[in-house]
Amino acid sequence: MKSQPGCAPNTVTYNSLMDGFSKAGKLDKSIELFHKMKEEGVCPNEITLNILVDGMCKQGRISSALEFFNAMKKEGLEGNAITYTAFISAFCNVNNINKALELFDEMISSDCAPDAKVYYALISGLCQARRLDDACSISEKMKSAGFHLDAVGYNILINGLCKTMKLDKVNELLKEMEGVGVQPDEVTYNTLISALSKSGHLSGADQVMKHMTANGIVPTAVTYGALIHGHCTAGDLNEAMKIFREMGTTSKVPPNTVIYNILIQSHCEKDDVESAISLMDEMQEKGVFPSIITYNTMFKGLRERNWLDKAFQLMDDMIKQACNPDYITMEILTEWLSAVGETERLRRFLQGEEVVCSL
DNA sequence: GAAAACGCGT
């Protein structure tokens, strides 16, 4: 391109390349290109700024991003709602909600008009941090600014309110949705069913499921998972298994990994590790892949029984299936296997070697 | 012509 007359790369060229490199995880390359464009006299614009700020924020380099933002301000590049969205999401993700709120205020006071996306980023962060009063007040501000919440926005708030047991407010929002013509969707119903199930209101959960079907929304594995989990929590494993068997046959919704995990956990907690093992065999026969959570749940159950040979077998399965241990696996196995003098096998496991044959 | 956001089950 550079060798062609009249074809010199411009700001758009550089921006496209920089965004590509950032998204491919090569932020350094992207920053290098930024310096190169300046050397060549190609002017960075607001989009250049946002590409780099977003890239840095997503790599967890928030303070570098802030430094860069401030440096650009001095050169006359102000930043817009997109810039602030990147910062607000990043700070929410590291649980620094106050900094996110601070930036939101800074945006308003610097006469930068917020758009719907920046509101959503903040509302989601506040809900995640269980600051529901703040989340609701931001959503009110959003509405007074002329935006209306979509179903996803309502779902975020409803979920947060369910988790903090502000159920009056949940009803209020459901009525509001109806009033403004935003239809509850699958996630709305699943959220309600999950909340009711978890708090032991199983008949309420059933009712919501009837409403859901009546409104033409087909229950999915998530819906059944919420119900099954509720019955497990209530200690009624029989009913949970009944729903589990019916979902696959009557409703034709095949159980997935999460549902098997819920049931495996519940059986382990009832000290019925044998049934947990059969469930795990069953899932594999049906082509449902165990996840790291399946393995961790099994290891916890097996440890209670000090059932070492089965654990070694599962460790080998993990290696074969390329299912990587996480910090929870490490915690369980390190504690258990050191206590029984099997650290050599743990070492082999972490090296990705099979452990059963090394008896 | 190039940039951003939000939800349910283990």
Side-chain angles (χ1 to χ4, degrees), chain A residues 9-20 22-23 30 37 42 44-55 57-58 79-90 92-93 114-128 135 138-139 142 147 149-163 184-198 205 208 212 217 219-230 232-233 247 253 255-266 268-269 290-298 300 328:
Chain A
N10 61 11
T11 307
V12 178
T13 322
Y14 274 102
N15 285 351
S16 305
L17 266 178
M18 288 166 66
D19 193 41
S22 290
K23 291 198 161 82
S30 175
M37 77 190 280
V42 180
N45 61 13
E46 205 167 47
I47 297 178
T48 320
L49 166 71
N50 287 341
I51 287 167
L52 281 173
V53 165
D54 189 58
C57 282
K58 292 217 164 92
N80 55 17
I82 299 180
T83 328
Y84 284 101
T85 304
F87 282 119
I88 288 171
S89 303
C92 288
N93 285 334
D115 60 11
K117 291 177 182 177
V118 71
Y119 279 107
Y120 284 133
L122 188 56
I123 290 171
S124 153
L126 288 166
C127 284
Q128 192 114 28
I138 296 291
S139 82
M142 179 176 175
F147 299 100
L149 286 166
D150 60 9
V152 179
Y154 279 108
N155 289 342
I156 297 168
L157 285 169
I158 289 171
N159 184 42
L161 292 165
C162 282
K163 292 211 158 101
D185 64 7
E186 187 203 319
V187 176
T188 321
Y189 286 111
N190 288 345
T191 305
L192 296 172
I193 289 169
S194 165
L196 289 165
S197 287
K198 267 191 202 147
V208 173
M212 176 179 189
I217 298 173
T220 64
V222 177
T223 320
Y224 287 102
L227 274 182
I228 289 170
H229 187 210
C232 287
T233 305
M247 70 177 280
V253 178
N256 60 14
T257 305
V258 176
I259 292 187
Y260 276 104
N261 289 348
I262 294 167
L263 290 167
I264 287 171
Q265 170 169 307
S266 196
C268 284
E269 278 166 1
S291 64
I292 186 58
I293 298 180
T294 320
Y295 285 107
N296 290 344
T297 309
M298 284 301 314
K300 278 183 208 162
I328 298 175

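Predicted model only: the values in this text are computed from it and were never measured. Sequence lines set the chain letters: A, B, ... in the order given, protein chains first and strands last, and positions in each chain run from 1. FYI, side chains are in, hydrogens and waters are out, and symmetry mates aren't considered; it's all heavy atoms of this structure.
Considering only the side chain of Ile47(A), dA2(B) comes nearest among dC8(B), dT10(B), dA2(B). With distances taken from any side-chain atom of Lys23(A) to the nucleotides dG9(B), dG1(B), dA3(B), the minimum falls on dA3(B). Picking from dA4(B), dC6(B), dG9(B) the nucleotide with the shortest atom distance to the side chain of Asp54(A) gives dA4(B). Ranking dG9(B), dC8(B), dT10(B) by closeness to the Ile259(A) side chain, first place goes to dG9(B). When distances are taken from the side chain of Val12(A) to each of dC6(B), dC8(B), dG1(B), the shortest belongs to dG1(B). Here the nucleotide nearest the side chain of Lys117(A), chosen from dT10(B), dG9(B), dA4(B), is dA4(B). Nearest nucleotide to the side chain of Lys198(A), out of dG1(B), dA4(B), dG9(B): dG9(B). Comparing dA2(B), dA4(B), dT10(B) against the side chain of Asn45(A) picks out dA2(B) as the nearest. Checked against dA5(B), dG1(B), dG9(B), the side chain of Asn10(A) finds its nearest nucleotide in dG1(B).
Between the C1' atom of dC6(B) and the OH atom of Tyr119(A) lies a distance of 15 Å, rounded to the nearest Å. One interatomic measurement links the two molecules: CD1 of Ile264(A) to C1' of dG9(B), which rounds to 15 Å at whole-angstrom precision. If you take CG of Asp115(A) and P of dA4(B), they are 12 Å apart, rounded to a whole angstrom. With rounding to whole Å, Leu49(A) atom CG is found 13 Å from dA4(B) atom P. Distance CE (Met18(A)) to P (dA4(B)): 13 Å, rounded to an integer number of Å. For Ile51(A) and dA4(B), the CD1 to P distance is 8 Å, given to the nearest whole Å. Following rounding to the nearest Å, Asn50(A) (CG) and dG1(B) (P) show an atom-to-atom distance of 19 Å. The interatomic distance linking Leu263(A) (CG) with dG9(B) (P) rounds to 16 Å, in whole Å.
A donor-acceptor pair is defined here as one N or O able to donate and one able to accept, closer than 3.5 Å; no such pair exists between the side chain of Ser266(A) and the backbone of Ile262(A). Asn190(A) contributes no side-chain N or O that, together with a main-chain N or O of Ile193(A), makes up a donor-acceptor pair within less than 3.5 Å.
Between Lys58(A) and dA3(B) there is no side-chain polar atom (N or O) within less than 4.0 angstrom of OP1 or OP2. Side-chain nitrogen and oxygen atoms of His229(A) include none within less than 4.0 Å of the OP1 or OP2 phosphate oxygen of dG9(B). An OP1 or OP2 oxygen of dG9(B) is reached within less than 4.0 angstrom by no side-chain nitrogen or oxygen of Asn190(A).
Atoms CD1 and CD, on Ile51(A) and Glu46(A) in that order, are 11.5 Å from each other to the nearest 0.5 Å.
With hydrogens and angles ignored, no donor-acceptor pair closer than 3.5 Å exists between the side chain of Asn80(A) and the base of dA4(B). With hydrogens and angles left out, the side chain of Asn15(A) and the base of dG1(B) share no donor-acceptor pair within 3.5 Å.
Residues satisfying the salt bridge (Lys or Arg N to Asp or Glu O under 4.0 Å) criterion with Lys58(A), sequence neighbours excluded, are Asp54(A). Residues forming a salt bridge (Lys or Arg N to Asp or Glu O under 4.0 Å) with Lys23(A) (at least two apart in sequence, or on another chain): Asp19(A).
Looking at heavy atoms from C-beta onward, Leu157(A) lies in side-chain contact with Cys127(A) at the 4.5 angstrom threshold.
Across all strands shown, Ile262(A) has heavy atoms under 4.0 Å from sugar-phosphate atoms exclusively, and none from any base.
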